[in-house]
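Taking it in order: structure first as structure tokens, then the write-up.
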Amino acid sequence: MKIRIIVLSVLISSILPAYAQIDVEKKIDELLSKMTLEEKVGQMNQLNFDALTDDLVGNLKVGNVGSLLNVTDPEMVNQVQRIVMNESRVPIPLIIGRDVIHGFKTIFPIPLGQAASFSPEVVEEGARVAAAEARSTGVTWTFAPMLDISRDARWGRIAESLGEDPYLTGKLGAAMVRGFQGSGDLASRDAIAACVKHFVGYGASEGGRDYNSTNIPPLLMRNVYLPPFHETIKAGAATLMTSFNDNDEIPASGNGYILKNILRDEWDFDGFVVSDWASMGEMIAHGFAKDARQVAEISANAGLDMEMVSGAYIVHLAELVCSGKVPEEAVDTAVRNILRIKFRLGLFENPYVDTSKGSVLYADEHLKSARQAAVESAILLKNENILPLSEKTKIAVIGPMADAAHDQLGTWIFDGDKNYTVTPVGALKDEYKHINYVYEPALGYSRDKNKANFEKAKNAAQSADVAVVFLGEESILSGEAHSLSNINLIGVQSELLQAVKSAGKPVVLVIMAGRPLTIERDLPYADAVLYNFHPGTMGGPAIWDLLFGKANPSGKLPVTFVREVGQIPMYYNHNNTGRPAPDQVSMLDDIEQEAGQTSLGNTSFYLDSGRDPLFPFGYGLSYTQFDYSDLVLSSKTIPVNGSLKVKATVKNTGKTEGTEVVQLYIQDVVGSIVRPVRELKGFQRVTLKAGESKTVEFTLTPDELGFYGRDLIKRVEPGDFNVWIGGDSKASLKGSFVVE
């Protein structure tokens with residue numbers, strides 16, 4: 001009897017979601033039958049909220065607004081919801097949108113930093129905390145995660161990305177969706193709708209210049225830029241945002257192929273698509289539309305459901321339907337998509353914020369999670385036997401980022417409050433108050449070029465046992481519309497580091513930045529380097545936890561660090577050339593030692609900066625060491641539809657417990673199209689005590705082994721494959737197998 005009850009329970013639980021969906025679709029049909037064409041178009045219109053003006057109230061009453069941006073006062077949210085629910089002809093709640101990118105009030109590391117954790121758990125928890133805090137104020141929709149593959153550190157929005165790799169971006173993006181959306185229950189009081197962006201290719205903007213054109217051919221689009229989006233759609237992402245760029249001469253907000261053929265027909269996406277801020281209207285500047293009327297026609301016919309702020313739909317779309325330029329079915333489909341998400345969010349049942357509940361903002365558990373995320377996101381790039389520091393050491397704390405409460409938070413923190421930020425100096429004053437230290441910022445901020453206090457910094461270093469120098473970027477130097485052509489440490493920070501090093505004491509360089517900077521010139525002046533992509537509210541204590549050895553660095557680079565900006569774009573999963581450079585390639589200084597020699601062969605490398613980056617993708621040190629051995633494959637041959645298990649032993653050969661990110665890479669040796677030299681296809685965080693070993697196992701499926709060929713169909717091709725396991729993309733523990 002008990003078994004029957006369990007089976008019946010499982011059967012019912014599997015059937016209920018289908019019935020619930022049928023019920024939602026019936027409710028949508030009922031609403032649509034009551035709505036005028038103008039009211040339907042109103043649902044496709046999103047406005048930015050500045051104040052509750054008479055004009056806005058009028059638009060809300062007549063049904064001209066489907067969504068409002070940037071309302072974060074719970075009382076105001078309730079007020080605008082009451083207007084549409086009580087005073088409009090067809091009561092339909094508003095969806096309230098806000099950029100909640102890496103935290104609402106409690107700020108986590110920027111997305112690029114979270115990606116350095118290689119931890120879906122860290123990413124999901126950060127989104128969960130952000131969703132709980134945001135929904136408590138009435139926000140029900142965020143514009144994250146950003147899934148743009150980012151191979152150019154000059155692009156300011158690399159800070160908002162999850163790095164250069166499509167596999168890592170897809171796995172972490174799906175985790176972020178789950179965190180925001182409460183594992184599927186959008187109606188939960190601590191869930192908000194995710195919006196994956198920017199569809200598609202925005203990270204490939206020419207020259208790293210924001211809003212610029214991209215030139216991504218179909219095969220590269222299918223194999224690199226689209227997969228992360230598909231991964232998050234499969235994870236249940238509620239909404240999607242088009243990008244600013246044109247690709248192959250077609251602006252994304254008017255591209256019916258990506259919005260209909262790929263998103264709807266191939267991927268079965270049933271949420272709604274919103275434009276980026278005024279990106280529909282910008283098709284006029286692109287030269288793709290002559291006026292706002294044509295903008296509305298192009299985007300509606302392309303399948304773009306909601307317009308963000310530019311107003312072409314609300315002014316022109318009804319008339320375009322009446323004139324036959326846009327079929328009313330296109331409008332009905334768009335409104336269905338929008339209403340579907342509003343029902344799933346539970347807004348029809350309860351559009352209001354319960355202001356009687358206690359605040360969850362900056363909850364202790366949220367701050368604890370943010371601190372742990374900052375710990376796991378930090379990357380140790382260099383350590384010449386100086387870290388971890390003893391807490392009995394006298395420390396000179398130097399540099400403009402040591403007490404930069406706002407800048408530590410990073411870009412996209414509209415709701416973050418610097419008064420809650422715990423900086424490194426703040427952590428010394430509070431939690432680490434027993435530490436003997438002297439503080440000399442030397443510079444007021446990262447761009448400060450006044451060297452007047454350099455001597456004070458040098459004297460501070462001389463008075464201490466070790467100098468910890470905090471350098472990097474202000475938050476304003478990365479993010480949207482903050483591209484750079486020079487990505488060295490800005491201003492005179494490198495000179496400050498050199499001045500401190502001249503004091504003759506060991507130097508630890510701690511960097512907080514929104515992008516991978518070109519720091520090769522700075523490495524000789526630091527005995528250790530700890531890199532933090534803007535670490536958020538709890539970055540200060542997290543950094544000291546790492547420097548004092550209370551935590552062991554485990555972050556890995558989600559992007560390649562170039563030696564100098566002229567190497568960009570440089571990324572690990574590149575195609576081989578017909579003349580690949582040999583493993584050992586000298587630089588120009590070495591070449592010049594041999595009189596008359598100006599080349600080391602006609603191969604693909606730079607005479608001045610060589611073949612390789614400064615630090616490869618996946619790189620990161622620990623206070624212990626890890627040894628890889630005993631690579632075992634479950635078979636030497638598999639069928640094209642088969643799977644393969646790959647195992648290796650990882651041993652902690654050091655003297656302290658540590659966590660290693662074990663990474664699996666493959667290469668399809670010969671394909672019908674040129675395949676990358678390596679591709680990440682698996683990763684696991686493994687914690688080992690000193691002397692402990694563990695066998696780590698991965699499963700390679702047809703999904704990992706396949707790729708899109710010239711016919712734009714994904715399949716696994718027979719042939720030879722290489723496989724590597726190791727601690728970064730230069731992993732040397734190698735095996736091979738054959739797909740038959």
Side-chain angles (χ1 to χ4, degrees), residues 115-120 149 151 162-172 220 223-224 227-228 231 379 554-561 569-577 580-581 583 611-613 615-621 626-636 638 643-650 660-671 673-686 694-708 716-717 719-739:
S117 73
F118 276 64
S119 171
I149 298 303
R151 293 172 165 179
L162 295 167
E164 71 182 42
D165 181 72
Y167 183 86
L168 179 66
T169 296
K171 295 301 181 185
L172 299 185
L220 188 63
N223 286 311
V224 174
E231 195 75 18
I379 311 106
S554 60
K556 299 283 188 172
L557 294 179
V559 282
T560 299
F561 270 49
M570 180 173 276
Y571 43 92
Y572 88 93
N573 52 346
H574 59 86
N575 294 342
N576 231 337
T577 75
D583 288 342
R611 180 197 67 173
D612 295 324
F615 297 111
F617 174 88
Y619 177 85
L621 301 175
F626 299 97
D627 180 68
Y628 288 81
S629 63
D630 302 326
L631 182 70
V632 177
L633 279 62
S634 60
S635 176
K636 283 292 184 180
I638 60 171
S643 297
L644 180 77
K645 293 188 183 300
V646 184
K647 301 179 183 178
T649 299
V650 185
E660 171 73 328
V661 178
V662 182
Q663 300 160 47
L664 173 76
Y665 295 87
I666 69 165
Q667 180 194 28
D668 189 345
V669 179
V670 177
I673 62 172
V674 177
R675 306 301 299 128
V677 294
R678 294 194 186 196
E679 295 178 279
L680 180 70
K681 294 298 180 180
F683 57 90
Q684 294 181 37
R685 289 179 61 88
V686 178
K694 182 176 181 180
T695 298
V696 181
E697 181 176 293
F698 297 91
T699 300
L700 286 169
T701 68
D703 192 50
E704 280 87 36
L705 298 176
F707 62 89
Y708 288 89
V716 180
E717 291 187 353
D720 296 331
F721 283 76
N722 291 322
V723 59
W724 296 266
I725 288 182
D728 59 46
S729 57
K730 296 292 186 181
S732 58
L733 190 62
K734 181 181 178 182
S736 60
F737 62 96
V738 177
V739 173

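For clarity, every value in this text was computed on a predicted model and none was experimentally measured.
Salt bridge present: Lys556 and Glu660 bring a charged side-chain N and a carboxylate O closer than 4.0 Å. Ion pairing of Arg151 with Glu164 is absent here, as no side-chain N (NZ or NE/NH1/NH2) approaches a carboxylate O to less than 4.0 Å.
Considering only residues two or more places apart in sequence or on other chains, Arg685 meets the side-chain hydrogen bond (donor to acceptor under 3.5 Å, both in side chains) condition with Glu376, Ser554. Take Thr699 and apply the side-chain contact (heavy atoms from CB on, under 4.5 Å) test, not counting sequence neighbours, and it matches Ser643, Lys645, Thr701. Annotation: side-chain hydrogen bond (donor to acceptor under 3.5 Å, both in side chains) contacts of Asn575 (sequence neighbours excluded): none. With sequence neighbours excluded, no residue forms a ring-ring contact (aromatic ring centres under 6.0 Å, His included) with Tyr167. Tyr708 meets the ring-ring contact (aromatic ring centres under 6.0 Å, His included) test with no other residue; sequence neighbours excluded.
Counting heavy atoms from C-beta outward, Val632 and Val646 have side chains that stay 4.5 Å or more apart. Side-chain contact between Phe698 and Lys647 is absent, with no heavy atoms from C-beta onward closer than 4.5 Å. A heavy-atom distance below 4.5 Å is not found between the side chains of Tyr628 and Thr649. The shortest distance between side-chain heavy atoms of Val674 and Asn576 does not fall below 4.5 Å. Between Asn573 and Pro166, the closest side-chain pair of non-hydrogen atoms falls below 4.5 Å. Residues Val650 and Phe626 form a side-chain contact, since some pair of their non-hydrogen atoms from C-beta on lies under 4.5 Å apart. At a threshold of 4.5 Å between non-hydrogen side-chain atoms, the residues Leu644 and Ser635 count as touching.
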| request: Report the C-alpha separation of Phe683 and Leu664 in whole Å, then their side-chain angles, then the decisive distance to 0.1 Å, and conclude whether the side chain to side chain contact (heavy atoms under 4.5 Å, CB included) test is met. | output: CA-CA 6 Å; Phe683 57 90; Leu664 173 76; over 6 Å; no
| Working for side chain to side chain contact (heavy atoms under 4.5 Å, CB included), residues Phe707 and Asn223 | CA-CA 6 Å; Phe707 62 89; Asn223 286 311; 3.6 Å; yes
| task | Using the side chain to side chain contact (heavy atoms under 4.5 Å, CB included) rule, take Val738 and Lys636 through it: C-alpha gap first, then chi angles, then the decisive distance, then the call. | result | CA-CA 6 Å; Val738 177; Lys636 283 292 184 180; over 6 Å; no
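Side-chain N/O atoms of Gln663 and Ser729 include no donor and acceptor closer than 3.5 Å.
For the atom pair CG of Asp165 and CG of Leu680, the computed distance is 5.0 Å after rounding to the nearest 0.5 Å. Considering CG of Leu733 and CG of Asp630, their distance stands at 8.0 Å, rounded to 0.5 Å. Atom CG in Leu705 sits 11.5 Å away from atom CD in Glu717 (nearest 0.5 Å). Atoms CZ and OG, on Phe737 and Ser634 in that order, are 9.5 Å from each other to the nearest 0.5 Å. Note that NZ of Lys171 is 14.0 Å distant from OG of Ser119, once rounded to the nearest 0.5 Å.
For the pair Arg678 (side chain) and Ala731 (backbone), a donor-acceptor distance under 3.5 Å is present. With hydrogens and angles disregarded, no donor-acceptor distance shorter than 3.5 Å links the side chain of Glu704 to the backbone of Ile666. Proximity of a side-chain donor or acceptor of Asp668 to a complementary backbone N or O of Gly671 within less than 3.5 Å is not detected.
Aromatic ring orientation, Tyr619 versus Phe615: parallel (interplanar angle below 30°, classes split at 30° and 60°).
Remark: aromatic rings of Tyr572 and Tyr665 are close, center separation under 6.0 Å.
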Give the table of side-chain donor-acceptor pairs shorter than 3.5 Å for residues 719-728, with sequence neighbours excluded, one pair per line with atom names and distance.
| residue | atom | partner | partner atom | Å |
| --- | --- | --- | --- | --- |
| Asn722 | ND2 | Gln667 | OE1 | 3.0 |
| Asp728 | OD1 | Lys730 | N | 2.7 |

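Considering all non-hydrogen atoms of both residues, Leu172 and Ala115 come closest at CD1-CA, 3.5 Å. The minimum heavy-atom distance linking Gly735 with Leu631 is given by the pair N-CD2, 3.2 Å.
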